[in-house]
Amino acid sequence: MRRLKRVFLLILAGSLVFSSLYSVGWAQEKPVDSMDYRTNLIDLFIARPLGIVAAAAGTGFFVLSLPFTLPTRSVDYSFNTFVVEPWKFSFVREFPDEETY
């Protein structure tokens, strides 16, 4: 019985080592092409700065919309729309954004 346990643990340890070495082959990496490079530059230098401008403008629109949203109790919805979403687009979204491809 002891020998069976030893053989089983040896096979288990060997399979763990070999599977961890082979797992790199299973990764689903995207091939790099010239379009990814251009898209990343557009995202970094155009989309994100425009997102910051939109977030600042959205914060102003949120303040202006308060007289209309307070009576209807929709302040949280307008806050998410005008403030949270543009700031998330600019600062929380990962770079490079995999969703755009």
Side-chain angles (χ1 to χ4, degrees):
M1 186 70 176
R2 204 172 231 189
R3 183 180 165 130
L4 184 62
K5 280 184 180 179
R6 191 175 290 172
V7 169
F8 177 73
L9 288 176
L10 184 65
I11 290 173
L12 187 65
S15 67
L16 178 67
V17 169
F18 287 120
S19 66
S20 67
L21 294 175
Y22 185 69
S23 67
V24 175
W26 289 88
Q28 297 291 323
E29 294 185 20
K30 293 176 60 174
V32 177
D33 60 354
S34 62
M35 199 59 179
D36 287 340
Y37 177 73
R38 291 180 190 143
T39 307
N40 289 340
L41 285 178
I42 290 170
D43 181 28
L44 184 63
F45 293 114
I46 296 174
R48 296 206 185 229
L50 285 177
I52 294 169
V53 170
T59 304
F61 286 136
F62 170 71
V63 171
L64 291 175
S65 70
L66 279 176
F68 305 105
T69 58
L70 281 173
T72 61
R73 296 183 182 160
S74 60
V75 175
D76 54 346
Y77 178 73
S78 67
F79 180 75
N80 285 332
T81 303
F82 288 132
V83 179
V84 173
E85 291 301 320
W87 287 111
K88 278 185 181 179
F89 177 81
S90 298
F91 294 109
V92 177
R93 191 170 47 105
E94 291 184 16
F95 181 80
D97 189 13
E98 297 294 328
E99 299 290 324
T100 59
Y101 302 120

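One-based numbering along the sequence shown.
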Shortest non-hydrogen pair, P67 vs L64, comes out as CD-O, 3.2 Å

dist L44:CG -> T39:OG1 (nearest 0.5 Å) comes out at 12.5 Å

Please determine whether residues F68 and V75 belong to a single hydrophobic cluster, defined as Ile, Leu, Val, Met, Phe, Trp and Tyr linked transitively by side-chain heavy-atom distances below 4.5 Å.
no

Verify the cluster assignment for Y77 and F82: are they in a single hydrophobic cluster under the rule of side-chain heavy atoms below 4.5 Å apart?
no

Same cluster or not: I42 versus F91, using hydrophobic residues (I, L, V, M, F, W, Y) connected whenever any side-chain heavy atoms lie under 4.5 Å apart?
no

Which heavy atom of F89 sits nearest a heavy atom of G51, and at what distance?
CD2-CA, 4.0 Å

Given the rule that I, L, V, M, F, W and Y join up when any side-chain heavy atoms are under 4.5 Å apart, are V84 and I52 in one cluster?
yes

Looking at V83 and G58, what are the two nearest heavy atoms and their distance?
CG2-O, 4.2 Å

When rounded to the nearest 0.5 angstrom, what distance separates CD in E94 from CG in D43?
11.5 Å

Smallest separation among heavy atoms of D76 and R73, with atom names:
OD1-O, 4.2 Å

Closest heavy-atom contact between W87 and T59?
NE1-OG1, 3.6 Å

Which pair of heavy atoms, one from R48 and one from R93, lies closest together, and at what distance?
NH1-O, 3.1 Å

